[in-house]
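Some notes on the structure that comes next.
In listed order, ligands and their atoms are each counted from 1. Numbers for residues simply follow the sequence, beginning at 1. Quick note: numbers below take in every heavy atom, side chains included, and nothing from hydrogens, waters or symmetry partners. What you are looking at is a predicted structure, and each value in this text was computed from that prediction instead of being measured.
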Amino acid sequence: MTRTVLITGGTSGIGRAIAARFAADRAEVFVTGRTPDTVERTAKELQVHGVVCDATNSAQVEALADRLGALDVLVNAAGGLAPATTAPSLDALLSRWRADLAQNLLSAVLTTAAVQDKLTGDGSVISIGSIGAERRGGSYGAAKAALAAWNASLSAELAPRGVTCNVISAGYVTGTNFFRGGMTDDRHRALVEETHNKRPGTVDDIAGTAHFLASPGARHLTGQTIHVNGGAHTTR
Ligand SMILES: NC(=O)c1ccc[n+]([C@@H]2O[C@H](COP(=O)([O-])OP(=O)(O)OC[C@H]3O[C@@H](n4cnc5c(N)ncnc54)[C@H](OP(=O)(O)O)[C@@H]3O)[C@@H](O)[C@H]2O)c1
């Protein structure tokens, strides 16, 4: 049966790779993003549905939910770093924290709340977290840590009706616009050096994990944070 999959932030990087992975399965895929041009281009290139929607805007998220019928998989991939500010004021600090929390936590909370009643009995909610939640992440890492905490309670709420809820905590991943051209060769080498397998993550590493989490083999896997980072942060 054809599955329906919604991917927020599906127009670039990790979200786009996840959209391509599910589209290859002949799922009916919806991707969102804030930029009309990239939404339209992605929809055309991947042969999926594109919807312009800012996942931090409750009215836009409600309008998105109204367009959807039954949903099998929700992937909360929208996120990113708030613009850096060197202004020393408390107002600048507050803006940065609010932007990171909105972008990386509230985006997932709002979208999930808007569509959760549409999730089918063997559905999946997959949210993209970050290694920054564990290490030196500042306001961005704090938002991703909160995402994992929220996911645990979401799982307790939705898993009784068969919906699994997991976070993929990604390490350093290339092939995205995340660093907005700001990655230096030295920083790249240092991040690769931290891994056990001595390579950066790829968008397909994350897409493969997302695809597995939505597969029949992962039905007892819920409430978890799955670390996909080549060993850069180990857990036990
Ligand atoms: N790349 C890494 O190394 C890395 C590591 C750990 C975690 N992550 C996480 O992975 C996720 C995907 O990021 P990426 O690396 O693939 O970066 P990316 O290439 O910049 O993709 C981000 C996507 O999210 C969309 N987006 C951003 N804010 C949005 C909003 N408020 N509403 C709707 N769409 C929004 C962007 O489109 P528009 O800008 O047009 O809206 C774009 O499609 C993020 O949650 C990020 O925090 C990335």
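The single protein non-hydrogen atom nearest to atom 30 (C) of ligand 1 is R34 CD, 3.5 Å, given as residue, atom name and distance. From the protein, the heavy atom lying nearest to atom 6 (C) of ligand 1 is A170 O, 3.3 Å. Nearest to atom 3 (O) of ligand 1 among the protein's heavy atoms is V173 N, 2.9 Å. Of all protein heavy atoms, the one closest to atom 14 (P) of ligand 1 is T176 CB, 3.7 Å. In this structure, the protein non-hydrogen atom closest to atom 9 (C) of ligand 1 is I128 CG2, 3.7 Å. For atom 35 (C) of ligand 1, the closest non-hydrogen atom on the protein side is A78 CB, 3.6 Å. Remark: minimum distance from atom 32 (N) of ligand 1 to any protein heavy atom is reached at A55 N, 2.9 Å. Closest to atom 28 (N) of ligand 1, if we only count protein heavy atoms, is Q103 NE2, 3.2 Å.
Less than 4.0 angstrom separates some heavy atom of T35 from each of these atoms of ligand 1: 38 (P), 40 (O). In the vicinity of G13, heavy-atom distances shorter than 4.0 Å reach the ligand 1 atoms 16 (O), 19 (O). Atom numbering of ligand 1 starts at 1 in the shown order; those under 4.0 Å from a heavy atom of G171 are 3 (O), 5 (C), 6 (C). Close contacts of ligand 1 with C53, meaning ligand atoms under 4.0 Å from a residue heavy atom, involve 32 (N), 33 (C). Under a 4.0 Å criterion applied to the non-hydrogen atoms of T11, ligand 1 contributes the atoms 37 (O), 42 (C), 43 (O). Short contacts between ligand 1 and G33, defined as distances under 4.0 Å to a heavy atom of the residue, involve ligand atoms 34 (N), 41 (O). Atoms of ligand 1 lying under 4.0 Å from at least one heavy atom of T56, given by number and element, are 31 (N). Numbered from 1 in the order shown, with element, the atoms of ligand 1 that lie under 4.0 Å from a heavy atom of G129 read 6 (C), 7 (C).
Judged purely by atom type and a 3.5 angstrom limit, S153 uses its side chain to pair as donor or acceptor with the backbone of W150.
Around NE2 of H196, the count of heavy atoms belonging to other residues, nucleotides or ligands within 6.0 Å exceeds 12. Within 6.0 Å of CZ in R26 there are 12 or fewer heavy atoms belonging to other residues, nucleotides or ligands. In this structure, E40 places its CD atom where only 12 or fewer heavy-atom neighbours from other residues, nucleotides or ligands lie under 6.0 Å away. Surrounding NZ of K44 are at most 12 heavy atoms belonging to other residues, nucleotides or ligands under 6.0 Å away. Under a cut-off of 6.0 angstrom, the local environment of CG in L94 is crowded, with over 12 non-hydrogen atoms contributed by other residues, nucleotides or ligands.
Ligand 1 has at least one atom lying under 4.0 Å from a heavy atom of D54.
K118 places none of its side-chain heavy atoms less than 4.5 Å from the side chain of T4. Contact of the L221 side chain with the F212 side chain is registered, since non-hydrogen atoms from C-beta on lie closer than 4.5 Å.
Polar contact check, I14 against ligand 1: a nitrogen or oxygen pair lies under 3.5 Å apart. The shortest N or O to N or O distance between T32 and ligand 1 is not under 3.5 Å. For N177, a nitrogen or oxygen atom sits less than 3.5 Å from a nitrogen or oxygen atom of ligand 1, counting backbone and side chain alike.
In N104, the part holding a heavy atom less than 4.0 Å from any atom of ligand 1 is the side chain.
Considering Y172, Y140, F179 only, the shortest heavy-atom separation from atom 8 (N) of ligand 1 involves Y140. Taking all heavy atoms of G10, G79, A77 into account, the minimum distance to atom 11 (C) of ligand 1 is reached by A77. Taking all heavy atoms of P200, S12, G9, P36 into account, the minimum distance to atom 18 (P) of ligand 1 is reached by S12. Between Q60, R180, K144, M183, it is K144 that holds the heavy atom closest to atom 45 (O) of ligand 1.
Ion pairing between a basic and an acidic side chain is recognised when a charged N comes within 4.0 Å of a carboxylate O; E28 and R3 show no such pairing.
The nearest pair of heavy atoms linking I206 to A170 is CD1-CB, 3.8 Å.
Between the side chains of N151 and S127, not a single donor N or O lies within less than 3.5 Å of an accepting N or O.
The only member of V75, T42, N76, I126 that meets side-chain contact (heavy atoms from CB on, under 4.5 Å) when paired with I7 is V75. Remark: of the listed residues V73, L119, V115, L119 is the sole one forming a side-chain contact (heavy atoms from CB on, under 4.5 Å) with V125. None of R199, R135, R189 except one satisfies the salt bridge (charged side-chain N to carboxylate O under 4.0 Å, His left out) rule with E194; the exception is R135.
A distance of 4.5 Å separates OG1 of T112 from CG of L74, quoted to the nearest 0.5 Å.
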